[in-house]
Amino acid sequence: NAGVMQNPRHLVRRRGQEARLRCSPMKGHSHVYWYRQLPEEGLKFMVYLQKENIIDESGMPKERFSAEFPKEGPSILRIQQVVRGDSAAYFCASSPLANQPQHFGDGTRLSIL
Amino acid sequence: SQQGEEDPQALSIQEGENATMNCSYKTSINNLQWYRQNSGRGLVHLILIRSNEREKHSGRLRVTLDTSKKSSSLLITASRAADTASYFCATVQGAQKLVFGQGTRLTINP
């Protein structure tokens, strides 16, 4: 029973490029959450999606960031025109229902040169 | 505003000793959750305590919740080297978003 799968585990981009982070939730989970973690800090909520719908995007920067969770395929967090400040670990979590504990992937570590 | 502030920020103890971590929060809650994060890995859910519960046990873990003081504690008894990790408390706000504190970095010395 595979857990939450994130890829790539490490991603290096130059300033101005685009970063695409993928998350496949656990089987049977239709709720997906994205969080960002800076070094030595806790996770900060970014966005909550439920198949094809964005439920809560209150933690998403207004520009350059977008997320989707299509009917088929993984959830994608997309960062356009990356800047050095985007360097962080990005974690995805999923749950079967809204009020269930969230299961986390091992994250994507994004480094911006 | 920052929710779920953990205390202490770092804790180093000898194997076999008990480790206690505290967490404070600011808003009313339905439940409070504790997570563990090993270095370079994602978070693992440890335990959930509901607002109408005062204490909960799971193996070597004991969690308490005081809603009047808006605080919770996580006790790990008979610590092991494998317990070395960062521990976070989290509250749920809005439509299921978890709000984490800065975490406690626990080191168990053999």
Side-chain angles (χ1 to χ4, degrees), chain A residues 2-10 21 23-26 29-50 53-60 67 69 88-111, chain B residues 1-11 21-27 29-51 56 58 61 63 72 74 85-107:
Chain A
V4 177
M5 304 300 293
Q6 291 188 247
N7 69 83
R9 289 294 312 277
H10 301 273
L21 287 61
C23 168
S24 295
M26 286 182 70
H29 289 196
S30 60
H31 299 253
V32 166
Y33 316 80
W34 285 93
Y35 295 84
R36 177 166 61 180
Q37 185 178 34
L38 296 172
E40 308 299 322
E41 293 190 10
L43 277 68
K44 298 288 194 294
F45 170 82
M46 298 183 74
V47 62
Y48 163 35
L49 309 102
Q50 185 186 3
N53 295 306
I54 295 175
I55 308 301
D56 182 350
E57 57 181 348
S58 58
M60 287 276 274
F69 187 19
Y90 292 82
F91 289 93
C92 170
S94 72
S95 66
L97 297 171
N99 291 317
Q100 299 293 313
Q102 296 174 22
H103 299 259
F104 283 80
D106 282 337
T108 293
R109 275 141 191 88
L110 176 64
S111 298
Chain B
S1 61
Q2 184 69 24
Q3 300 280 317
E5 300 284 349
E6 286 91 347
D7 154 55
Q9 290 190 342
L11 179 62
M21 289 158 273
N22 303 297
C23 164
S24 61
Y25 58 93
K26 295 177 182 176
T27 62
I29 60 170
N30 291 323
N31 64 67
L32 184 141
Q33 303 174 39
W34 284 90
Y35 286 81
R36 183 187 73 224
Q37 183 180 33
N38 289 85
S39 180
R41 303 296 299 272
L43 274 68
V44 174
H45 182 263
L46 294 177
I47 197 165
L48 180 153
I49 186 165
R50 301 189 190 284
S51 59
K56 199 165 183 178
S58 176
L61 304 181
V63 169
S72 173
L74 171 67
S86 291
Y87 292 81
F88 297 90
C89 69
T91 57
V92 179
Q93 289 187 11
Q96 296 309 307
K97 73 177 186 185
L98 290 173
V99 179
F100 293 89
Q102 302 278 68
T104 293
R105 292 185 301 282
L106 176 65
T107 302

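Around the CD atom of B:Q9, the shell of radius 6.0 Å holds no more than 12 heavy atoms that belong to other residues, nucleotides or ligands.
Scanning residues 30-38 of chain B against chain A with a 4.5 Å heavy-atom cutoff picks out B:Q33, B:Y35, B:Q37, ordered by number.
Contact annotation for A:S58: only side-chain heavy atoms (C-beta onward) come within less than 4.5 Å of a heavy atom of chain B. Looking at A:Q37, the atoms closer than 4.5 Å to chain B (heavy atoms on both sides) all sit in the side chain, from C-beta outward.
Partners of B:S86 under the side-chain hydrogen bond (donor to acceptor under 3.5 Å, both in side chains) rule, at least two apart in sequence or in another chain, do not exist in this structure. With sequence neighbours excluded, the residues that form a ring-ring contact (aromatic ring centres under 6.0 Å, His included) with A:Y35 are A:F45, A:F104, B:F100.
Closest heavy-atom contact between B:H45 and A:Q102: CB-O, 4.4 Å. Smallest separation of non-hydrogen atoms from B:Q96 and A:Y48: CB-CE2, 4.1 Å. Looking at every heavy atom in both residues, A:R9 comes nearest to B:G40 through NH2-O, 3.2 Å.
Residue pairs satisfying the salt bridge (Lys or Arg N to Asp or Glu O under 4.0 Å) criterion with at least one member in residues 88-106 of chain A, sequence neighbours excluded, are listed as follows: A:D106-B:R41.
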